[in-house]
Amino acid sequence: MLAVATIANNPEATVRGLTKRGLTDAQYLVNQVVALNQSRKETQTQLDETLAESNNLSRQIGQLMKEGKRKEAEAIKVKTADLKNSSKTLTETLRGYEEQLQKTLYNIPNLPHESVPEGKRAEDNEIVLEHGRLPTLPDEAIPHWELIEKYDIVDFALGNKISGAGFPVYKGKGARLQRALVNFFLDKAREAGYLEVQPPLLINEDSGYGTGQLPDKEGQMYEIVDQKLFLIPTAEVPITNLYRDVILREADLPLKNAGYTPCFRREAGSWGAHVRGLNRLHQFDKVEIVQISHPDQSYKALEGMLLHARQILEQLELPYRVLRLCAGDLGFTAALTYDLEVYSAAQQKWLEVSSVSNFETYQANRLKLRYKDGNNKTQMLHTLNGSALALPRIVAAILENNQSADGVKMPEVLIPYTGFDVIN
RNA sequence: AGAGAGUUGGCGGAGUGGUCGAACGCGGCGGUCUUGAAAACCGUUGUACCGCGAGGUACCGGGGGUUCGAAUCCCUCACUCUCUGCCA
């Protein structure tokens with residue numbers, strides 16, 4: 001969430017940023033934060049004064065008791081009753097303000113970075129670059145959901161039987177291709193200086209709040225109700241939360257972690273032709289890269305992460321493009337997001353395979369993730385993450401783009417990982 | 001899952017109702033000494049909120065209660081450890 005100070009000290013910039021995102025009540029929200037914070041401060045001061053007086057009297061009583069002046073002590077005791085009452089009232093009032101303030105802050109999204117283009121929807125995203133030639137396929141080319149049936153490498157019916165729609169079973173070369181991609185991605189991350197971690201796949205509520213999945217977005221996650229645990233929608237959640245409530249030394253920065261995990265999404269959204277096959281699943285695999293960065297370095301880090309994802313796509317010989325998300329399409333917690341889309345020839349459409357974002361201090365604020373600067377003052381850090389990469393649509397693109405009468409050819413770099421060069 | 005023990009500052013570890021934000025040790029930082037380092041010695045060393053400042057307030061696993069006053073007593077939840085049980 002945004003820091004109160006950020007909003008209070010830069011009200012115009014905050015309103016401008018939120019309005020760019022399409023919020024119509026930005027001014028109202030900012031006013032509310034400022035007002036609530038003011039009330040909070042005033043109540044806090046009153047409460048502190050009351051408690052100070054009360055502490056003072058208690059100390060006197062203690063002293064008198066020690067000296068055996070019982071009677072005088074009793075006289076002072078009487079005075080404390082009032083203070084006790086008013087401190088109780090003030091505490092409740094204060095808590096009320098704090099809760100309202102927090103609730104309001106939770107509902108305010110991150111401010112878009114200045115480079116974020118204006119716009120309301122996906123069509124307004126800025127195409128930063130395109131790479132690679134779009135393949136032209138023979139007339140008999142078919143989409144991946146037919147290819148996986150033809151070669152019997154992914155079985156939706158089986159998954160449906162044991163779990164439900166959106167939980168595919170990978171078989172034979174399909175399973176081996178998955179494993180190959182995961183290993184390939186992890187090796188690339190390690191070569192780029194990321195420390196590999198294997199986090200838990202279930203997270204608690206605190207972690208959900210830390211990265212912004214909670215409150216209000218629990219509908220996107222699967223929940224273990226009686227334990228208050230959630231299946232991770234992305235490794236971003238457990239890996240970033242590794243650093244919740246942490247104060248780092250400046251010398252430790254940047255922190256770079258990578259992890260492979262399955263991801264679980266309820267995705268109650270739309271269904272139809274565009275979500276057929278591997279295009280959208282309830283469970284899928286992804287290698288995620290995360291950086292904890294010094295505020296001055298975070299945009300440099302973001303460019304580095306984007307380049308990392310691009311290079312992987314280039315090695316896989318997949319044509320792709322890079323989008324800079326417009327303000328309206330930007331995720332709630334992000335300040336700047338690049339999407340990478342791979343061209344799927346048989347579907348003749350672009351498929352999102354990676355999303356690389358800088359959250360600036362938005363997550364750090366919730367996480368209480370800080371560092372000590374040169375003056376030994378604690379400052380908020382910046383968090384970033386990106387997919388490098390998500391598997392299913394990569395698999396879809398490889399299958400569709402590389403299909404021929406002889407089968408599906410594997411990209412050169414992948415063959416040492418798959419152990420085969422064609423699916424037929 | 002059952003029984004018992006525990007949870008204090010970066011770490012170890014005192015503290016069972018009254019200047020306790022918390023002794024002491026280690027570690028960290030600054031300094032003295034030294035050509036430099038080590039040792040020794042001296043000083044310093046949690047976080048947040050309010051306040052221009054002096055200073056004040058809160059926090060001893062979380063939440064609640066008793067009391068004029070709680071790290072210390074009571075209730076509750078979570079977690080950790082040991083033994084037993086089960087198990088990849």
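Both backbone and side-chain heavy atoms feed into the values below; hydrogens, waters and symmetry mates do not. The sequence lines fix the lettering, A, B, ..., with proteins before strands; numbering per chain opens at 1. Worth saying up front: this structure is predicted, and the values here are computed from it rather than measured.
Residue contacts for A:L51: at a heavy-atom cut-off of 4.0 Å it reaches the sugar-phosphate backbone alone, with no base atom in range. Here A:S58 lies in heavy-atom contact (under 4.0 Å) with a base. Among the heavy atoms of the strands, none lies under 4.0 Å from A:R249. Residue-level contact check: A:S54 touches neither bases nor backbone, having no heavy atom under 4.0 Å from any strand.
Summarising the geometry, the separation between CD on A:E53 and P on B:C68 is reported as 17 Å, rounded to the nearest angstrom. Between A:D245 atom CG and B:G61 atom P the separation is 16 Å, expressed in whole Å. In this structure, A:D252 places its CG atom 15 Å from P of B:G10, rounding to the nearest Å.
Residue A:T378 places its side chain closer to B:A48 than to any other of B:G56, B:A48, B:C68. The listed nucleotides are B:G56, B:C50, B:G64; the one nearest the side chain of A:D48 is B:G56. Here the nucleotide nearest the side chain of A:A52, chosen from B:G56, B:G18, B:U47, is B:G56. For A:K77, counting side-chain heavy atoms from C-beta on, the closest listed nucleotide (B:C49, B:A48, B:C68) is B:C68. With B:G46, B:G51, B:A48 as the candidates, the nucleotide lying closest to the side chain of A:K41 is B:G51. In the set B:U47, B:C50, B:G18, B:G18 carries the atom at the smallest distance from any side-chain atom of A:M65.
A:E92 and A:R95 are not joined by a salt bridge, as no carboxylate oxygen comes within less than 4.0 angstrom of a charged side-chain nitrogen.
Between A:Y222 and A:H282, the angle of the ring planes goes over 60°, which puts this pair in the perpendicular group of the 30/60° scheme.
Remark: the separation of the P atoms in B:G10 and B:C60 is 13 Å, to the nearest Å. Taking atom C1' in both B:G13 and B:G18, the straight-line distance is 24 Å, to the nearest Å.
The side chain of A:N55 places an N or O atom within less than 4.0 Å of a non-bridging phosphate oxygen (OP1 or OP2) of B:U57. For B:G69, one of the phosphate oxygens OP1 or OP2 lies less than 4.0 angstrom from a side-chain nitrogen or oxygen of A:K84.
Across every strand in view, B:A5 sits in a pair with B:U80 that passes the Watson-Crick or G-U test at under 3.5 angstrom. B:G10 is paired with B:C26 under the criterion used here, namely a Watson-Crick or G-U wobble arrangement in which both key atom distances are under 3.5 Å.
For the pair A:N56 and A:I247, both in contact range of RNA chain B, the more 5′-proximal nearest nucleotide belongs to A:I247.
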